[in-house]
Amino acid sequence: MTAHPALRLSDRIAELLADPADAPTAWTSRPQWRQSLAHGAPGIALLHIERAATGRGRWEPARAWLTVTASIPVTRGADSYLYYGAPALTHALACAAQGRPGSYRNALAHLDDVVAADAVRRCEQAEERIARGDLPALAEFDTIRGLAGIGAVLLRRAPGGEAIRRVLACLVRLTEDIKHDGDLLPGWWTTDGPSGQPDPRFPAGHSNNGLAHGITGPLALLALALQHGVEVEGQRAAIRTILAWLERWRDGHAWPYWITRENLAGPARRPLAPQRPSWCYGAAGVARAQQLAAAAIGDHRARHDAENALATALVDPKTLAATTDVSACHGYAGLAHIAHRAAADASPRNAARLRSAAALLLDTTHPPHADPGEQARRLLGTAGPAFLEGAAGTALALLAPATGTTPATAWDGCLLTA
């Protein structure tokens, strides 16, 4: 396969981010810079790790960015999660060790113990909360800050360990209905807003459907664990419960970002306005998680429906018009990556549709005749170097679809899309 021209944009971004010493202090002076996978050094390291592992770059930039990450004591405990602190560094080093077997062995052994111990503590807190009959916080279970994200690290590093089984058991219990203020609600119903703080939009709480902050993150982890042969009691039933919930609220090829008490009590739901089909919230993240889940339990109809919804959403002009950037989180590069990943697991007909959608998305990311160097500099100036919403994530998300390959380091495990 001939590489797509968008690969040149990815290359230029990587060149501009090769040396941590060149990073402006406006980025590096932020307190979270060194340990934030979403916004700092570990996410930029991922880009160079994947490039080195695929032969597109050198290992020196990867080592330099990992050195920045490890240059201060690593945060652990309640202030750490997949996208910050010990789990973030573990993910980055695990990707490096996959590309260079045997590297970072001692550091990873220490971090594995830290992440597992913190995961068990989180599970104990979740179990105590369930015993009290309280509603959960989003940060208890979601991908970015909660058990689903930490579980992704454990599934990769210690799939046979007790910690991942504790995490899965907690997420299974999360799918049991809970009685609150006289109403029977899904067990993941929360009074938090997506920011983790009280939100005036949800005075009576809400069910969050996103892959970043909602119930779709636990769905993806439960499915991926099952595909890797890690199963606890009730796991398949929990997957079916979440799939049924998402199917209840699906509107064609889209899902609402959240469900409120008014939605539950109201008459027939209103059609959704066009919304971006992003990883964090939207059809790309939800449909990919559904595809993985349906495949894990052998539900061919649900898998076909998820693939069809994803392929349709990614070429819908009204839906795509709501997408306004090229980021991994909610932009065209992230959509191309998910389409490429989903195509590899799809039925032949849907695989062809998804590959076609990925090609169109790459064209949008890097239009014909665009200067990749100028585009890369502009992107760094406007979006910054970050992984989730900035240039590093854009460059990383472009690599696999632009070359027609599978990621060499499974870097996208932090997205729970593979």
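Along the sequence shown, residues carry numbers from 1. Values below: every heavy atom of this structure, side chains too, minus hydrogens, waters and symmetry copies.
- Note on E307 versus R353: no salt bridge recorded, every NZ/NE/NH1/NH2 to OD/OE distance being 4.0 Å or above.
- Counted by atom type alone, R288 and Q291 present one or more donor-acceptor pairs between their side chains at under 3.5 Å.
- When the shell of 6.0 Å around CZ of R105 is examined, it contains 12 or fewer heavy atoms from other residues, nucleotides or ligands.
- At least one donor-acceptor pair closer than 3.5 Å links the side chain of H48 to the backbone N or O of L17.
- Between the side chains of N263 and W258, no donor-acceptor pair of N or O atoms lies under 3.5 Å.
- Counting only distance, with no hydrogens or angles, the side chain of Y332 and the backbone of D363 share no donor-acceptor pair below 3.5 Å.
- Between the side chain of H180 and the backbone N or O of G187, no donor-acceptor pair lies under 3.5 Å.
- Shortest non-hydrogen contact noted between S80 and A86 is CB-N, 4.1 Å.
- A pairwise comparison of heavy atoms in L108 and A97 identifies CD1-CB, 3.8 Å as the closest pair.
- Under a 3.5 Å cut-off, the side chain of T319 and the backbone N or O of V315 do not form any donor-acceptor pair.
- The backbone N or O of T75 sits less than 3.5 Å from a side-chain atom of Q35, completing a donor-acceptor pair.
- Of all non-hydrogen atoms in L310 and A287, the two that sit nearest each other are CB-CB, 3.8 Å.
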Applying side chain to side chain donor-acceptor pair (under 3.5 Å) to Q197 and S195, what does each step give before you reach the verdict?
CA-CA 5 Å; Q197 302 298 321; S195 68; 5.8 Å; no

side-chain contact (heavy atoms from CB on, under 4.5 Å) between N209 and W245: does it pass, once the steps are laid out?
CA-CA 9 Å; N209 291 340; W245 172 264; 3.2 Å; yes

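- In this structure, L66 and Y104 have side chains that are in contact, with non-hydrogen atoms separated by less than 4.5 Å.
- Between atom CD1 of residue I150 and atom CG of residue D142 there is a gap of 9.5 Å, rounded to the nearest 0.5 Å.
- Nearest heavy-atom pair, L226 versus Q235, reported as atom, atom and distance to 0.1 Å: N-NE2, 3.5 Å.
- Side-chain atoms of N308 and H253 include no donor-acceptor pair closer than 3.5 Å.
- Summarising the geometry, atom CG belonging to L314 is positioned 10.0 Å from atom CG belonging to L360; distances are rounded to the nearest 0.5 Å.
- In this structure, R121 pairs ionically with D118, as a charged nitrogen and a carboxylate oxygen lie closer than 4.0 Å.
- Of all heavy-atom pairs between P385 and A392, the closest is O-CB, 3.0 Å.
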Take R301 and D305 through the salt bridge (charged side-chain N to carboxylate O under 4.0 Å, His left out) test and state the conclusion after the steps.
CA-CA 6 Å; R301 181 196 61 78; D305 288 349; 2.7 Å; yes

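- Distance check, rounded to the nearest 0.5 Å: CG of L174 to CG of L219 gives 11.5 Å.
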With ring pair (Phe, Tyr, Trp, His ring centres under 6.0 Å) as the criterion, how do F141 and W188 come out once you've worked through the C-alpha distance, each side chain's angles and the decisive distance to 0.1 Å?
CA-CA 8 Å; F141 64 83; W188 58 87; 8.0 Å; no

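- A donor-acceptor pair shorter than 3.5 Å cannot be found between the side chains of Q290 and R250.
- Side chain of W249 to main chain of P256: no donor-acceptor pair is present (N/O by atom type, distance under 3.5 Å, no hydrogens or angles).
- The number of heavy atoms from other shown groups lying within 6.0 Å of CD (E176) is above 12.
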Check against side-chain contact (heavy atoms from CB on, under 4.5 Å), H366 and Q375
CA-CA 8 Å; H366 180 64; Q375 194 179 3; 2.7 Å; yes

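- Applying the salt bridge (Lys or Arg N to Asp or Glu O under 4.0 Å) test to R100 and every residue at least two apart in sequence or in another chain returns nothing.
- Between the side chain of T190 and the main chain of P136, a donor-acceptor pair closer than 3.5 Å is present.
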List the steps and the verdict of side-chain contact (heavy atoms from CB on, under 4.5 Å) for T394 and D325.
CA-CA 10 Å; T394 298; D325 62 42; over 6 Å; no

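- Annotation for D192 and F202: closest pair O-CD1, 4.3 Å, computed over non-hydrogen atoms.
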Test side-chain contact (heavy atoms from CB on, under 4.5 Å) applied to E231 and R236, step by step:
CA-CA 8 Å; E231 182 173 2; R236 294 170 186 268; 2.9 Å; yes

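- Aromatic ring pairs are classed by plane angle as parallel below 30°, tilted from 30° to 60° and perpendicular above 60°; the pair W411 and F387 is perpendicular.
- Side chains of E50 and T409: a donor-acceptor N/O pair is present below 3.5 angstrom, by distance only.
- In this structure, R303 contributes its side chain and A294 its backbone to no donor-acceptor pair below 3.5 Å.
- Atom CG of L89 and atom OG of S36 lie 12.5 Å apart (nearest 0.5 Å).
- The main-chain N or O of V230 is never found under 3.5 Å from a side-chain atom of H228 such that the two would form a donor-acceptor pair.
- Ring geometry, Y84 versus Y81: the interplanar angle falls from 30° to 60°, so the pair is classed tilted.
- D183 contributes no side-chain N or O that, together with a main-chain N or O of L185, makes up a donor-acceptor pair within less than 3.5 Å.
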